[in-house]
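For reference, the structure discussed in these notes is given below.
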Protein chains: 2
Amino acid sequence: MPTAVKSVLPVVLLGCGGVGRHLLHHIVSCRPLHANQGVAVQVVGVGDSSSLLVADDVHSGGFDDALLTNICNAKSAGSPLSSLLGQGHCQVFKNAEASGKVIEAATTLGRSTGLVLVDCSATYETVPLLKDVVDHGCCIALANKKPLTGAYVGAGLPVIATVTRIIASGDPISRIIGSLSGTLGYVMSELEDGKKFSEVVKTAKSLGYTEPDPRDDLGGMDVARKVESLYPSELGPDAMSTKDFLESGVAQLDKSMEERIKAASLKGNVLRYVCEIGSAGCQVGIRELPKNSALGRLRGSDNVVEIYSRCYESSPLVIQGAGAGNDTTAAGVLADILDLQDLFQKTA
Amino acid sequence: MPTAVKSVLPVVLLGCGGVGRHLLHHIVSCRPLHANQGVAVQVVGVGDSSSLLVADDVHSGGFDDALLTNICNAKSAGSPLSSLLGQGHCQVFKNAEASGKVIEAATTLGRSTGLVLVDCSATYETVPLLKDVVDHGCCIALANKKPLTGAYVGAGLPVIATVTRIIASGDPISRIIGSLSGTLGYVMSELEDGKKFSEVVKTAKSLGYTEPDPRDDLGGMDVARKVESLYPSELGPDAMSTKDFLESGVAQLDKSMEERIKAASLKGNVLRYVCEIGSAGCQVGIRELPKNSALGRLRGSDNVVEIYSRCYESSPLVIQGAGAGNDTTAAGVLADILDLQDLFQKTA
């Protein structure tokens, strides 16, 4: 019988820089909305690069909004989480102990309400912890392209929800192709206007479209097995610093990129950095695509995903929208967290 | 604690012509898939324009797949549902009693599992029954533009799911504008190629893009308060038959439509029949839009929805895909039914 269900979603957040901070802000500002929907998002832990803040009692309902707001303010002021010790019922742990504490929470909550570990960090370091948490029967939500799911996240776009919906409706999906990096989408479309590769990369960084090291984006998405990088290994992270790459390295790529763009446009095509999932598996790299396709028409940092299925065979189902930006990504992560609620304990 | 939940979704289907028949087919072919997802869609009743077929015991698990397949075959052969009497554990009721029987099922099931009344008919006649069923705490899913929800359905496109997701993520939506009639989308884009309005309407009908009476589409979507019709009342259903409209009436509109198209293209615009929901409320009608917008670029019978919000302010979130066709619509309806499962009884 239809009833209003009440879901409690305990959350531990790793990384409270740009996206993470926006996420905490959204969680606070959405409280009334979520209450109406019978959902309570409870932040029981927040970690940054140096330490982890954990609620004294993870069953207590998590940090209050005052503390969450203080965390946002502290982080935007550049202060470490440890500076918040004493504000509200929480303890601080150095990173050495942090993972243990998260697992502890996952173990306790995994038995009762469940736990969502939200990773808004831009590192690989969290991957082992993410796996542990999943092994404890808890859920994870990832903001960032680095850990595994970049191609599925597409910043805030409802790609997973749509794919799930199509599959559930008995419509077999044959192919998904998309420009899933707001950064690379921006770079490729700016190049068409004749700008230098190095200029475009620097502008993208200054606009906040790239990771701290732009090569994290230019290297392609690690979600795929075959990835074409936009820079050679001589210019890679092992060979030179981010600073050197931006000051001297990237400019070495200007000429070759200019030639590729010209060659494509002579054929009425544009270059797009796309991820394609189809019968051939998953491939990521530069493709020449007709100017007059959803992907070819793509401008700026929008993401575009084309989904081909029996129902969407001749003309694909297209989802397009902003593919970068902290606010948009945070909103997408929050939506992903809420999508998990069906897996969580409900109390009528 | 995350657990596989088992949802039972009893369904009564009204209208088993094109879309309804495809829906029954999808339900049968998706059984294994849905079983894996812990969902069981149980068809306990099917109605056509003359009668209603109801399971002897609506708690029994509904019609078996053999009977559902027979229903599909009977309907594609043009036989009435009553011809299926005696095949499987079901009873047939003439329309006079049909509504009562549906309410009976809604009352019984409303107290236990709940019920989804799926309307794939192209009539207004079902609206009172739909309302009754909702009053009994049951759910409805609509395939068709006639009863109320055309603008939300957009054939198979995941528009509701996306809007819900954006709102839940705390991103306020300011404006939604879309071409939500595959038929009118097709008509408007074909007109650009200089074809006569009357030709285009007849082709649309022959392609199965229109309702049996194309004026149901040309009259605009009744979801909106202000609707601009593409035909004057002298050519309306009260003034002439569908046959007369197609043979003589519609041709009277060719000239004026041609002039509107010309006037727009002189300004680099195209005409689109759009539904816009914004601060001004909901408006439906012909708009001049730039050729180079998602809506302006629309060709054929695709639907396009542009969603504007804080996160999708400068460039909207765009959802585009097939907006007509029985298979696509049926798949969309099935996805809508499955979206309801959270409201239904779950047994671990």
Side-chain angles (χ1 to χ4, degrees), chain A residues 1-3 5 26-27 29-30 33-34 37 39 110-114 137-139 156-158 161-162 165-171 294 297 299-302 304 307 310-312 314-322 325 327-328 330-335 338-346, chain B residues 1-3 5 25-27 29-30 33-34 37 39 110-114 137-139 156-158 161-162 165-171 294 297 299-300 302 304 307 309-312 314-322 325 327-328 330-335 338-339 341-346:
Chain A
M1 172 165 52
T3 52
V5 292
H26 289 347
I27 289 173
S29 60
C30 289
L33 175 76
H34 293 159
Q37 298 170 340
V39 186
R111 279 195 230 95
S112 56
T113 53
C138 294
C139 305
L157 295 185
T162 302
R165 183 185 155 88
I166 294 176
I167 293 168
S169 72
D171 180 19
R297 286 191 301 252
R299 303 293 306 165
S301 69
D302 264 15
V304 172
I307 302 170
R310 187 188 68 238
C311 291
Y312 299 103
S314 49
S315 67
L317 195 165
V318 178
I319 302 172
Q320 174 165 0
D327 188 5
T328 309
V333 172
L334 182 52
L338 293 166
D339 283 344
L340 295 169
Q341 67 179 276
D342 305 331
L343 298 173
F344 282 71
Q345 190 187 49
K346 291 185 176 53
Chain B
M1 171 163 55
T3 51
V5 291
H25 174 75
H26 289 348
I27 288 173
S29 59
C30 290
L33 176 76
H34 293 158
Q37 299 170 340
V39 186
R111 279 196 229 94
S112 55
T113 54
C138 294
C139 304
L157 296 185
T162 302
R165 183 184 154 90
I166 293 177
I167 293 169
S169 72
D171 180 20
R297 285 191 301 253
R299 304 294 304 167
D302 264 16
V304 172
I307 302 170
S309 68
R310 187 189 68 238
C311 290
Y312 300 102
S314 49
S315 68
L317 194 165
V318 178
I319 301 172
Q320 174 164 359
D327 187 7
T328 308
V333 172
L334 183 51
L338 293 167
D339 282 346
Q341 66 178 280
D342 305 331
L343 297 172
F344 283 70
Q345 189 185 48
K346 289 184 177 54

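Just so we're on the same page: letters track the sequence lines, and every chain starts at 1. Since we're looking at a predicted model, the values are computed, not measured.
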In terms of heavy-atom pairs under 4.5 Å with chain A, which of B:H26, B:H25, B:R297, B:H34 leads?
B:R297

Per-residue tally against chain B (heavy atom, under 4.5 Å) across A:A168, A:S29, A:C30, A:A161 peaks at A:A168

Using non-hydrogen atoms and a 4.5 Å limit, figure out which bit of B:C311 sits close to chain A: side chain, backbone, both or neither.
both

Looking only at heavy atoms, what is the nearest atom pair of B:R165 and A:G332, with distance?
NH2-O, 3.4 Å

From B:Y312 atom OH to A:L157 atom CG, the distance as rounded to the nearest 0.5 Å:
4.5 Å

Can you tell which part of A:I167 gets under 4.5 Å to a heavy atom of chain B, answering side chain, backbone, both or neither?
both

Would you say the side chain of A:V318 lies within less than 4.5 Å of the side chain of B:V318, judging by non-hydrogen atoms?
no

Taken to the nearest 0.5 Å, the spacing of B:T328 OG1 from A:D171 CG works out to 7.0 Å

Answer with side chain, backbone, both or neither: which region of B:I27 has an atom nearer than 4.5 Å to a non-hydrogen atom of chain A?
neither

Please list, chain by chain and in numerical order, all residues satisfying side-chain hydrogen bond (donor to acceptor under 3.5 Å, both in side chains) with A:S169, sequence neighbours excluded.
none

Applying side-chain hydrogen bond (donor to acceptor under 3.5 Å, both in side chains), name anything that partners B:T162, two or more places apart in sequence or on another chain.
none

Could you tell me the separation between the CD atom of A:Q320 and the CD1 atom of B:I319, rounded to the nearest 0.5 Å?
11.5 Å

